[in-house]
Amino acid sequence: MSYLLTATCAVPAAGAVLTAALPAGSSQGRRRTTKGIALAVSAATLALTAAVAAGFEPGGARYQLTESHSWIRSFGINFSLGVDGISAVLALLTAVLVPIVMLASWHDADPIRNPDGTFENVRRTQGFFALVLAVEAMVLVSFLATDIFVFYVFFEAMLIPMYFLIGGFGDRAGGPDSGAQRSYAAVKFLLYNLLGGLVMLAAVIGLYVIAQNQGQATFDLPTLTGAIADGKLVIDPTAEKVLFLGFFFAFAVKAPLWPLHTWLPNAMGEATAGTAVLITAVVDKVGTFAMLRFCLGLFPGASRTFGPYILVLSLIGIVYGALLAIGQKDIKRLVAYASISHFGFIIMGIFAFTSQGQTGATLYMVNHGISTAAWMLVAGFLISRRGSRLISDFGGVQKVAPVLAGTFLIGGLATLSLPGMAPFVSEFLVLVGTFSKYPVIGIAATFGIVLAALYALLLYQRTMTGPVKAGIEGMADLKVRELLVVAPLVALTLFLGVYPKPLTDLVNPAVDATLSQVHQTDPAPAHPVAATTGGEHK
Amino acid sequence: MNSLIPLLVAAPLAGAALLLLGGRRLDRSGPWLGTLAAALSFAFGLALFLDMLGRSGEERALHQRLFSWIPVNGFQADVSFQLDQLSIVFVLLITGVGTLIHLYSVGYMAHDERRRRFFGYLNLFLAAMLLLVLADNYLLLYVGWEGVGLASYLLIGFWQHKPSAATAAKKAFIVNRVGDMGLSIAIMLMFTEFGSFAFGPILGSEGTAGGAQQAGEGKLTAIGLLLLLAACGKSAQVPLQSWLGDAMEGPTPVSALIHAATMVTAGVYLITRSGAIFNLAPDAQTAVVAVGAVTLLFGAIVGCAKDDIKKALAGSTMSQIGYMVLAAGLGPIGYAFAIMHLVTHGFFKAGLFLGAGSVMHGMDDEVNMRHYGALRKYMPVTFVTFGLGYLAIIGFPGLSGFFSKDKIIEAAFARGGTEGWILGLCALTGAAVTAFYMTRVMLLTFFGEKRWQPDPETGEEPHPHESPSTMTVPMIVLAIGSVFAGGLFTLNSSFLKWLEPVTGHAEGNSPLQPLTVTLLTTVCMLAGVGLAYLMYGRSPVPVTPPVGSPLTRAARRDLLQDDFNHAVLVRPGSGLTASLVYLDSKGLDGFVNGLAATIGGISGRLRRIQTGFARSYALSMFGGALLLAATTLLMRSV
Amino acid sequence: MSHWLAAAGGNSPSIPAPHIEYGQLSPMLLVFGAALVGILVEAFLPRRLRYGTQVTISLLGLAGSFAAVVVLAAQGHATTKSGLLAMGAVAIDGPALFLQGVILLSAVVAVLTYAERRLEPQLNGHGVDAFAAQGASVPGGEQERQATKAGLTTTEVFPLTLFAVGGMLLFPAANDLLTMFVALEVLSLPLYLLCALARRRRLLSQEAAVKYFLLGAFASAFFLFGTALLYGYAGSVRLSDIADVVSGVAPMTPALAVTTQNDALLLIGLAMISVGLLFKVGAVPFHSWTPDVYQGAPTPVTGFMAAATKTAAFGAFLRLFYVAFPGLKWDWRPVMWGVAILTMVVGAILAVTQQDVKRLLAYSSIAHAGFILTGVIATNRQGLGAVLFYLLAYSFVTLGAFAVVTLVRDSKGEATHLSSWAGLGRRSPLVAAVFALFLLSFAGIPLTSGFTGKFAVFQAAAAGGATPLVIVGVLSSAIAAFFYIRVIVLMFFSDPKTGGPAVAVPSPLTATAIGLGVLVTLVLGLAPQYFLDLASKASFFAR
Amino acid sequence: MNPVNYLYLAALLFTIGASGVLIRRNAIVLFMCVELMLNASNLALVTFSRMHGNLDGQIIAFFTMVVAAAEVVVGLAIIVSIFRTRHSASVDDSNLMKL
């Protein structure tokens, strides 16, 4: 048994504890040590995750590098980890984004200097970076867990560090009531997700009891899905539907699917840009990931039954999110609504039940993570410079800070899925995958790409172009640290747009396995022809 | 030679990357670097062309597969190129005209501090456009398709500090996106129909039947209409034409390259490339010709009313592309003519735009033709090259436009029946109107009295002067092309034969003799010129435009296209958005908050039970005991 | 008289000496013994020595008792050798020993918080604790002033607590209704007194005591009347005998033939006994004393009461329903469903608008009683184990939380109004973090003991066919989460009030108590297997 | 005499006691009502003891008396101390804590 996966999750967890325990102080040196250690831990995690992805053989078993440690025997719970292609790419996404988020949030958690020169809350720095590492550890466990209970525990537990990240660290750009707004956002985030999680808890228990009654007292995902597929575990259709809805509700809240999305704009709007990225690019992905892994594998029948309805909801989400994004006055809320639209695409890809759709959805999770991170973090740099989140406070930034404006545009273009950039690949796959089974929904979703262009470019136009507005003059362009944040994201966006094969190779087998779990196949073309010309010069 | 094909794209792409990432160090050398990249690409294109000439007709098409782009089960998207007779025409046009315009821009943008970026964008455009015409499948074409859209967006909005430029850029992108939607749905439809979206398997090649031949007409019509939607967006055809006029906010070389010679003709390329589909979908073809015919008149009418020289030319572009689309819609009989007109139009329209740019350059960026006049004396080279382009576009016998347009009109009549007559007459009318508005431009700009206005801020009058040689040389080259290209192509039907392996060939059955058509066209042209001379040549032109007829006023407002879009799309759209924002905060969020408030309210009410009186607690216990006993008893009796 | 003779049977009236297993009763005997020694200490030792002696005696007694429990369990009295003691009056079995262990540990922690003398400002150079200088003095009167000046302390609280603990140990082990009643009174009476002994806010304290006392006595009366009715029905108060009569396996006598005809006796008796027990666990609608008493009592007592009383009462509840009334499952389960649902929902909803930490925790304890009831209703072995585990987890979180409450003080003593907790996280991040951990455990967030407990209970309930209860439980958990989180928001995300309370630095006593709470909360959340096993092994009643 | 009549009496006494608790304000009286309830239970116990012919009920009654006595001690101590504070034995005066 290899301990690589445990190590991957344990390193950030240990790092979180270590970071939290570091001595506090207002001195810059102390802060720098804290940040350096946290960054080093996240880099180590990235290395481990890369080792996991490198060690994964696409042609091999469904779950690889598996390990299982007895945890709570009484309920048949093992701390089981395993990686498949989908979780590998998502773990990689997490590990890549966390150091970047840290770097981007470098000064966001410095202690607040009082007017009299003293510092308030000197543990802020330690707290922030420890919480980020804690989130990373929990997200990684969620992605890698092959035990439903373990997944559930960390799926829920990650709410707490997230909650403190949202509520405790604002972006200092809010109005006078920003504190109240922030705690409102944090509470809303927590309660919404907790409610989802508790409903799921009931479903988890229900599933366990059903399995127990049929001699399968386990939470082990491969065992359960195998038993369901072999007919050894029979869930009554009504119960299956209820359980599916229980699971799905939690994931739909987290994802977030319309109409359960209303926590996201508040959370992303009030949190720091780094935290907002963690929410939308990392934590929310656990929701969509879990739909793919748990809902489909455990409840194939119910998934098929509810699939079309979920498609409709996701379609509404796509259009609704985009329209709302167009109507926003606040940059970060705009990004949040754009994310809601994107999550619609992801969920649509999952429930279209085609390999294009699901591969697209998985890639979409990665690509949305990267591109939204780029967009949001640059927005964060912008906001911290101006001290305002209102779009109307900006204008003409490209004149004074061209690099900032340029990277912001790239982020926006990635968000609108410009071909050549990573999100295009996934968005097109999702659309094509949906279209081949549900043409009407596929066509309707395509409207989303027009609306995406509208919100992304309107935002760029309003903030960056035109004459330089008051308060913008003398705005500094991106600093080296900030460039270090943006450059890898932009590079990844472009690279994965042109050459997504490394990811698709990882993802394809896992998607095949998932599709066969729900007994779905791709529709055959009406008049099949050779897929490619493929020819060299004759 | 195959390996040269990727280099065609790579050269400008590398140039773009270098220029955009290179930083200030390249500010000075940037323009030349960019031009070099374009020229390099042209050289590759030329080499490939010469190589292609050396092979027989069937072996001319080259394929080069680079790598598997998106490999997903049942879905194979490759980065793979196809260079055939049609592509090479485009490659040469794009790189050739592109290089010239790069060169022109070196002079034109010499004083712009952000010129390095400008050349970066231009190179990016070249790369994307080449990708568009070299792709061997629709998805890769789509990448180029949107890539040119991006370059167009960046270049229209190049002067971002001008709100009008930023707005125009965004508008262009978004209108194009509507068209792109058509293309992407078309690709999806192809995928579900054929399991592929590569040209070869679907369209067939050189005698081998493709998947299109097996598919039902309904599906093909749908694909055709969707492709037409895409073409409408990119080529500024009705109803997605509204962005082109505004796109003139970009620097003039951009208008020349992207919004006249190359990018806007991508729609024609798409339709021609997909000929195999359209040939089997007559309804789609009818739609194409209808769009073409409407647009050619629409653009021409708009062109008549504009006082902004670039906007007048933009109307003209729209109209000329209408001709091409019309020709492409006619099927095999028209494809070659569409492409031929596209190439000749590339020459003369680029030349005209460069001329306009030269005029603006001399007139301190004045664009209002009513403030021009008598410039022929001050800018002789510009006058001559512009004049040659003018003659070419109106179809003056012997010049390029004469040959290409004439063929299209002929083919339109050859469609036969009522349809043929309507199309033919539209095309003829268009020719007359073209002559009218181009003569108007010519007269207002170069003839008559000088009507220069002092700068409202500095009070200085412009001092028109000839442009530097980096600008005039490209104009001269393009003028030569405008004069001779048409004749060269028609000679021995060389162009037709060249393209035949790709487009196929068909003989039309025109109700009119070719000579009759030529005569009619010439007469129409002369009538247009004459009318324009009567209106603008004989009497001095007022500096402020007269009110004009309702049609003129509508034409000035682009035939109310923006008003229409505003009323039908923008206003309801923003209303919808605003109401959704309200709904989200008050409805959905309100529900959530309301739920919390309700629980709080219940809690507040329920709290009052806790009165603090021990006896009331005892009462609740007593009641509870009674209830407990009663229900236990009741449970038993039930 | 004739009956008396008949019952004695025969003409040689010799009363057999009851057989008492002192060794196996030693946990209780040790505690009672320590309590008696404590009384003697109060009587004979000079005042200044009493505090130290009492604390030592209490801790020794409790620790000894706990050791006895462990030894008994190790000897297998919890599993294979479980049985009845003292002529069938007391049971020694898994649940009894497990809960006795929990109660004893809680008591140890509670005694630590009782003994805390560093939080109150010193008087005459002496540290004083949370208890009134002289319980009998009139609040604000001359006598009180003098007593305070003299530095008097009420060291009687220690023996009182020991008596209560003794009662609590007996309560879940009681195998007949009489023993149960006596245990109930033995645990209750000292608690009534302890409630009245707060050093600060004595009016509230006395009010709490009088309310608790009157309502407790009222509930006891119900319990006793229920006992009488059940005795009437079954002719015995032994739980197993009642069960036999209910299931019809008992030999039929003429008297039984008469009484068992009337099920009303049985059912009303059951209902009335339930009233007594539901009162103690704080289930709706018998909960109304909880908030007032929790608020008014001295906080260390509240913590003790909340943890240990609930444990003991649920122990008795379980024994009663699992041993005496398994045959009546179909009668009492629907009623308990209703009670559980009401308890969870009302507890959670009422807590939402509370403004006082102690009242908030009181309502939270009501909601938790509801959650535990779902485990009781499961009526399977899993449910039993789950409830045992839940009680263990809940006790320590509760003790820890109330211990933290003692730390947050202003000039008037403990600052229990929520508004004064604003910004605590900025002033004392550690204390706030610890309290937040307890709150999260209450809320049932994974990786804390509260989650494991809730999961176990809900899982058992679902397995026992009470799925709707699980759903209600889950939804009320969500409501409950709302008010726990509200406190966290207040502590961490609100600005501190100027002149607000400060966090007093406690002595190692309270620190140990809090530390133990944290430790148990985390261990039961992260690695609960051992304790789940323990609870699962213990989940078997002797009859 | 039918022992059931004693039971009716016991139930009546219990109800009177419970009603007293609910109705009376004076803490002492209220407490006496509780005692009445306890004694009603005793009556019932003794009756049942007689019916079943065993002594358990009677013995329980003795226990109950002892418990009641202990309760009186504690109860009176509390009531007296609160009376000294407030100069009132009305339980309704003790409602500082509510809601």
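What you see is a predicted model; the values in this text were computed from it and never measured. Proteins get letters first, then strands, A, B, ... in listed order; numbering begins at 1 in each.
With a threshold of 4.5 angstrom between heavy atoms, C:L203 approaches chain D through its backbone and through its side chain. With a 4.5 Å cut-off on non-hydrogen atoms, C:E185 touches chain D through its side chain but not through its backbone. For C:F222, the parts lying near chain D are the backbone and the side chain together; criterion is any non-hydrogen pair under 4.5 Å. Only the side chain of C:T259 has a heavy atom closer than 4.5 Å to any heavy atom of chain D. Using a 4.5 Å cut-off between heavy atoms, C:E144 makes no contact with chain D at all. Of the atoms belonging to C:A234, it is backbone heavy atoms, and not side-chain ones, that fall under 4.5 Å from chain D. For C:L204, the parts lying near chain D are the backbone and the side chain together; criterion is any non-hydrogen pair under 4.5 Å. C:Y294 does not touch chain D: none of its heavy atoms, backbone or side chain, sits under 4.5 Å away.
C:Y231 is listed as a side-chain neighbour of D:S49, based on a closest heavy-atom distance under 4.5 Å.
In this structure, C:F213 and D:F31 have tilted ring planes: the angle between them lies in the 30° to 60° band.
The candidate with the highest count of non-hydrogen atom pairs below 4.5 Å against chain C, out of D:L43, D:L38, D:V73, D:T47, is D:L38.
Rounded to the nearest 0.5 angstrom, D:L45 CG and C:T227 OG1 are separated by 7.5 Å.
In this structure a side-chain-to-backbone donor-acceptor pair under 3.5 Å is missing from D:E71 to C:A217.
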